[in-house]
Number of protein chains: 2
Amino acid sequence: MALLDLLGRRWALRVIWELRGDTALNDTALNDTASTFRELQARCGGVSSSVLADRLRELSEAGIIGHSEGGYALTAQGATLLARLAALDEWAATWQPPGRPPEEPDASGGR
Amino acid sequence: MALLDLLGRRWALRVIWELRGDTALNDTALNDTASTFRELQARCGGVSSSVLADRLRELSEAGIIGHSEGGYALTAQGATLLARLAALDEWAATWQPPGRPPEEPDASGGR
DNA sequence: CAGTATCCTGGACGATACTG
DNA sequence: CAGTATCGTCCAGGATACTG
């Protein structure tokens, strides 16, 4: 699945997660809750700007996020992806890796 | 999501995918369709044995796959994960990365 | 603020050889 | 067949400095 090439990269999922709530009404016009580069960087607690820029470009090219004056936000398509990811996240919450305590709800992008 | 640490690793998803169909009836007793190490290695077209062994151990520790006399198979828990992954795969099929032709259905584990 | 340009390093991955 | 043990390579990611 080529999708995993994208989402498996560090911070990719975290960026999407941090943009939950910032959803564009359509693919070109973003709403006013869009996050700026530095905002995202702060919310992702210390990604280096080079890496963040990489992820943002990749996700943009994939049509998952969009970029406008106001900043970055999920595209309509990105929002549908988020829904599926939420389902995975839900599974991960139920997930009981044998021998370890149940996972805390955690959206961290860290490895 | 720590889950991505696991699934993002090379071949991890491919292994799960190749085991689709080989589902244990419960977590300990595997059915007779379980795949052997060499079978899996062949189906994954050229993973080195060291890496395959790593993935199999990680996925086992995660309770996603199981190992018995007959070979490897998904656990009951692993099967529920597979379902969610299928939903993602489904999304990826609909996915239209702007500028590129629609994706072929592809379960390759390659990067 | 919003990125781009460089350089460096750890560790994942792959190949290969080996044991039981 | 079913793995384990070693070793070398390569590149994603991180740090940092810089431009507009």
Side-chain angles (χ1 to χ4, degrees), chain A residues 1-19 22 24 30-62 64-74 107-111, chain B residues 1-19 22 24 30-62 64-74 107-111:
Chain A
M1 203 192 301
L3 182 58
L4 258 274
D5 292 3
L6 192 62
L7 302 185
R9 285 187 150 62
R10 208 167 180 179
W11 304 110
L13 196 66
R14 173 70 171 268
V15 164
I16 296 178
W17 197 254
E18 294 298 345
L19 287 181
D22 302 353
L30 306 178
N31 65 9
D32 43 82
T33 70
S35 304
T36 69
F37 188 92
R38 301 288 173 190
E39 270 172 12
L40 268 176
Q41 190 173 20
R43 289 215 247 156
C44 293
V47 212
S48 64
S49 50
S50 52
V51 173
L52 179 57
D54 281 356
R55 286 309 90 81
L56 289 174
R57 185 173 33 70
E58 292 161 5
L59 291 171
S60 290
E61 285 173 1
I64 291 171
I65 68 176
H67 181 216
S68 80
E69 284 275 329
Y72 296 90
L74 293 176
S108 98
R111 290 245 184 246
Chain B
M1 205 190 302
L3 183 59
L4 259 274
D5 292 2
L6 192 63
L7 302 185
R9 285 185 151 60
R10 209 168 179 178
W11 303 109
L13 197 65
R14 174 68 170 270
V15 165
I16 295 177
W17 197 254
E18 294 297 346
L19 288 181
D22 300 354
L30 306 176
N31 65 8
D32 44 80
T33 70
S35 303
T36 69
F37 187 92
R38 300 291 172 188
E39 269 171 13
L40 268 176
Q41 189 173 21
R43 289 214 247 155
C44 293
V47 212
S48 64
S49 50
S50 52
V51 172
L52 179 57
D54 281 356
R55 287 307 91 83
L56 289 175
R57 184 173 33 70
E58 292 161 4
L59 291 171
S60 290
E61 285 173 1
I64 291 170
I65 69 175
H67 181 215
S68 80
E69 284 275 328
Y72 297 90
L74 293 176
S108 98
R111 290 245 183 246

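Values below: every heavy atom of this structure, side chains too, minus hydrogens, waters and symmetry copies. Just so it is clear: chains get the letters A, B, ... in the order the sequence lines come, proteins before strands, and each one is counted from 1.
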With the criterion being N/O to N/O and under 3.5 Å, what pairs connect the protein with nucleotides 8-10 of chain D, and how long is each?
none

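The base of C:dG3 sits with one of its N or O atoms less than 3.5 Å from a complementary donor or acceptor on the side chain of A:Arg38.
In this structure, B:Arg9 contributes its side chain and B:Arg55 its backbone to no donor-acceptor pair below 3.5 Å. Side-chain N or O atoms of A:Gln41 include one that pairs as donor or acceptor with a backbone N or O of A:Val47 at under 3.5 Å.
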Under the side chain to side chain contact (heavy atoms under 4.5 Å, CB included) criterion, do A:Glu18 and A:Ser35 qualify, and how do the steps go?
CA-CA 9 Å; A:Glu18 294 298 345; A:Ser35 304; over 6 Å; no
Can B:His67 and B:Leu56 be said to form a side chain to side chain contact (heavy atoms under 4.5 Å, CB included), step by step?
CA-CA 9 Å; B:His67 181 215; B:Leu56 289 175; over 6 Å; no
Could you walk me through whether A:Leu6 and A:Leu59 pass the side chain to side chain contact (heavy atoms under 4.5 Å, CB included) check?
CA-CA 8 Å; A:Leu6 192 62; A:Leu59 291 171; 4.0 Å; yes
Can you list the steps and then say if B:Asp22 with B:Leu19 is a side chain to side chain contact (heavy atoms under 4.5 Å, CB included)?
CA-CA 5 Å; B:Asp22 300 354; B:Leu19 288 181; 3.7 Å; yes
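Atom CH2 in B:Trp17 sits 13.0 Å away from atom SG in B:Cys44 (nearest 0.5 Å). Atom-to-atom distance recorded for B:Asp54:CG and B:Arg10:CZ is 14.0 Å, nearest 0.5 angstrom.
Between A:Glu39 and A:Arg43 no salt bridge is recorded (no basic side-chain N to carboxylate O distance below 4.0 Å).
One atom, OH of B:Tyr72, and another, C1' of D:dC1, lie 12 Å apart when rounded to the nearest Å. Distance A:Arg10 CZ to D:dC11 C1': 15 Å, rounded to the nearest Å. Between the CZ atom of B:Phe37 and the C1' atom of C:dG20 there is a distance of 15 Å, given to the nearest Å. Between B:Asp5 atom CG and D:dG13 atom P there is a gap of 12 Å when expressed in whole angstrom units. Summarising the geometry, the separation between CZ on A:Arg14 and P on D:dG14 is reported as 12 Å, rounded to the nearest angstrom. Counting to the nearest Å, the P atom of D:dC1 and the CD atom of B:Glu39 are 10 Å from each other.
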According to the Watson-Crick and G-U wobble definition with distances under 3.5 Å, which dot-bracket string, read 5' to 3', encodes DNA chain C, using [ ] for crossing pairs and | for pairs with another strand?
||||||||||||||||||||
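The minimum heavy-atom distance linking B:Thr36 with B:Gly70 is given by the pair CG2-O, 4.0 Å.
Residue A:Trp11 has no polar side-chain atom (N or O) positioned under 4.0 Å from OP1 or OP2 of D:dA12.
Residues of residues 43-59 of chain B having a heavy atom closer than 4.0 Å to DNA chain D, listed by number: B:Ser49, B:Ser50, B:Ala53.
Below 30°, between 30° and 60°, or above 60°: for B:Phe37 and B:Tyr72 the angle between ring planes is between 30° and 60°, a tilted geometry.
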